[in-house]
Engineer: 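I have a structure I would like to understand better, so I am pasting it below and will then ask my questions one at a time.
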Amino acid sequence: MSKHDEMKRIRDELIALSSSPLYRYRTENRYFPVVGEGSHDAHIMFVGEAPGENEAKTARPFCGRSGKMLDELLASIGLDRASVYITNLVKDRPPENRDPSPEEIALYAPFLDRQIEIMQPRIIAVLGRHSMKYVFEHYGVASALAPISKIHGTVYTGQARYGPVTIVALYHPAVALYNGSMRPVLINDFQVLKKYV
Ligand code: URA
């Protein structure tokens with residue numbers, strides 16, 4: 001099966017995921033699951049937390065205000081959305097953007113694992129606490145887990161089934177929206193991705 005067909009299968013399974021605790025909220029609000037966006041051949045995969053309202057309405061990851069910030073950060077290292085792949089740990093919007101529950105993470109994370117196996121990115125950049133915890137614990141760098149304020153922008157070598165993978169934890173782009181003084185910190189952290197372009 002081609003990469004494209006495998007990713008399409010994931011999309012179809014997510015659409016049909018009536019066992020999810022978020023399924024009813026999705027259908028009642030006419031939301032969509034957000035599978036991911038970008039190139040399936042990208043070397044860099046960004047993993048956010050979960051879709052917000054704009055994302056669930058459009059089926060596109062990071063398309064609201066934090067998405068605009070992410071676009072700016074990508075542009076600062078000469079990238080755009082088409083040259084990377086952007087997805088989330090949880091693929092449906094949790095009500096009122098609450099944190100995903102452990103059950104929701106357990107249900108949706110295998111879809112992320114499949115996306116990683118299909119795309120085999122060289123670098124996984126995690127945006128947010130839950131995606132950081134999941135990816136660090138499941139890709140061989142659990143011992144490096146620490147608050148994001150301590151390890152942002154640090155590069156680790158993790159282990160995927162297909163081989164070594166570089167893992168970097170970045171501040172969630174929304175941080176720069178709440179606190180403008182963090183903007184240069186995020187811009188500086190993004191520089192580490194440059195050599196993987
Ligand atoms: N925040 C996320 O973590 N993911 C999105 O898709 C949008 C906002």
Side-chain angles (χ1 to χ4, degrees), residues 7 10-11 14-15 17 20-23 25-26 29-40 42 44-75 79-102 104-116 119 121 123-139 147-149 151-153 167-180 182-183 185-186 189-190 193:
M7 292 296 247
I10 289 177
R11 190 197 66 187
L14 284 166
I15 290 170
L17 196 65
S20 168
L22 300 174
Y23 182 81
Y25 182 65
R26 181 216 293 171
N29 288 283
R30 297 172 187 245
Y31 290 155
F32 298 101
V34 180
V35 183
E37 185 176 78
S39 166
H40 296 163
I44 305 178
M45 178 188 276
F46 288 90
V47 183
E49 300 277 58
E53 187 177 19
N54 290 312
E55 289 77 19
K57 279 183 172 164
T58 58
R60 297 186 56 218
F62 284 93
C63 65
R65 284 180 67 222
S66 42
K68 211 158 163 264
M69 188 66 225
L70 179 58
D71 288 341
E72 275 181 44
L73 291 164
L74 289 172
L79 293 178
D80 60 15
R81 279 176 186 248
S83 51
V84 299
Y85 190 77
I86 304 171
T87 188
N88 284 301
L89 173 61
V90 168
K91 314 294 193 194
D92 276 300
R93 182 189 181 204
E96 309 315 318
N97 302 341
R98 64 156 169 74
D99 280 352
S101 70
E104 288 158 2
I105 292 173
L107 181 71
Y108 286 94
F111 291 98
L112 172 67
D113 291 333
R114 281 164 63 190
Q115 289 174 306
I116 292 171
M119 284 190 43
I123 179 155
I124 302 174
V126 290
L127 305 168
R129 180 159 68 83
H130 296 287
S131 45
M132 173 173 80
K133 182 169 187 298
Y134 181 80
V135 169
F136 274 53
E137 284 179 351
H138 288 81
Y139 290 85
I148 184 71
S149 57
I151 62 169
H152 64 96
I167 296 173
V168 56
L170 298 170
Y171 277 113
H172 194 283
V175 167
L177 302 176
Y178 305 132
N179 179 355
M182 289 297 286
R183 206 185 151 95
V185 178
L186 274 74
D189 285 350
F190 261 65
L193 303 178

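Order of appearance sets the numbers: ligands from 1, and atoms from 1 within every ligand.
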Engineer: May I ask you to list the atoms of ligand 1 that are less than 4.0 angstrom from any heavy atom of Gly48?
Structural biologist: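 Close to Gly48: 3 (O).
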Engineer: Relative to the heavy atoms of Ser66, which atoms of ligand 1 are at a distance of less than 4.0 Å?
Structural biologist: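 The list of qualifying atoms is 8 (C).
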Engineer: For ligand 1, find out whether one of its N or O atoms is nearer than 3.5 Å to an N or O atom of Pro51.
Structural biologist: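 No.
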Engineer: Determine, for Arg81 against Glu37, whether the closest basic-nitrogen to carboxylate-oxygen distance falls under 4.0 angstrom.
Structural biologist: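 Counted as a salt bridge, because a side-chain N and a carboxylate O are separated by less than 4.0 Å.
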Engineer: Would Arg60 count as a contact residue for ligand 1, given that I'm defining contact as a non-hydrogen atom of the residue lying under 4.0 Å from a ligand atom?
Structural biologist: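 Outside the 4.0 Å threshold, so no.
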Engineer: Between the side chains of Tyr139 and Asp113, does any donor sit under 3.5 Å from an acceptor?
Structural biologist: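 Per modelled atom types, Tyr139 and Asp113 side chains form a pair under 3.5 Å.
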Engineer: Heavy-atom distances under 4.0 Å are what count here, so tell me which part of Glu49 touches ligand 1: side chain, backbone, both or neither.
Structural biologist: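 The answer is both.
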Engineer: In terms of atom number and element, which parts of ligand 1 are under 4.0 angstrom from non-hydrogen atoms of Asn88?
Structural biologist: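 Contacts of ligand 1 toward Asn88, numbered from 1: 2 (C), 3 (O), 4 (N), 5 (C), 6 (O).
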Engineer: For the residue pair Tyr108 and Phe111, does the interplanar ring angle fall in the parallel (under 30°), tilted (30 to 60°) or perpendicular (over 60°) class?
Structural biologist: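 Rings of Tyr108 and Phe111: tilted, 30 to 60°.
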Engineer: With heavy atoms only and a cut-off of under 4.0 Å, state how Ala50 meets ligand 1: side chain, backbone, both or neither.
Structural biologist: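 For Ala50, the contact with ligand 1 is made by the backbone alone.
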Engineer: Can you list the atoms of ligand 1 that are under 4.0 Å from a heavy atom of Pro61?
Structural biologist: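 Within the 4.0 Å cut-off of Pro61, ligand 1 contributes 6 (O).
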Engineer: Any carboxylate oxygen within less than 4.0 angstrom of a Lys/Arg side-chain nitrogen, looking at Arg183 and Glu72?
Structural biologist: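 Counted as a salt bridge, because a side-chain N and a carboxylate O are separated by less than 4.0 Å.
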Engineer: Can you tell me how far apart CD1 (Ile124) and CZ (Phe46) are? Round to the nearest 0.5 Å.
Structural biologist: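 Going from the CD1 atom of Ile124 to the CZ atom of Phe46 covers 12.0 Å.
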Engineer: Name the residue from Thr87, Ile123, Val84 that meets the side chain to side chain contact (heavy atoms under 4.5 Å, CB included) definition with Met45.
Structural biologist: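 Testing each of Thr87, Ile123, Val84 against Met45, the sole residue satisfying side chain to side chain contact (heavy atoms under 4.5 Å, CB included) is Thr87.
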Engineer: Using modelled atom types only, decide if a donor and an acceptor are shared between the side chain of Asn54 and the backbone of Cys63 within a distance under 3.5 Å.
Structural biologist: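 No, because the side chain of Asn54 does not come within donor-acceptor range (under 3.5 Å) of the backbone of Cys63.
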Engineer: Write out the residue and atom name of the closest protein heavy atom to atom 1 (N) of ligand 1, then the distance separating them to 0.1 Å.
Structural biologist: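 Ranked first by proximity to atom 1 (N) of ligand 1 is His172 NE2, 3.2 Å.
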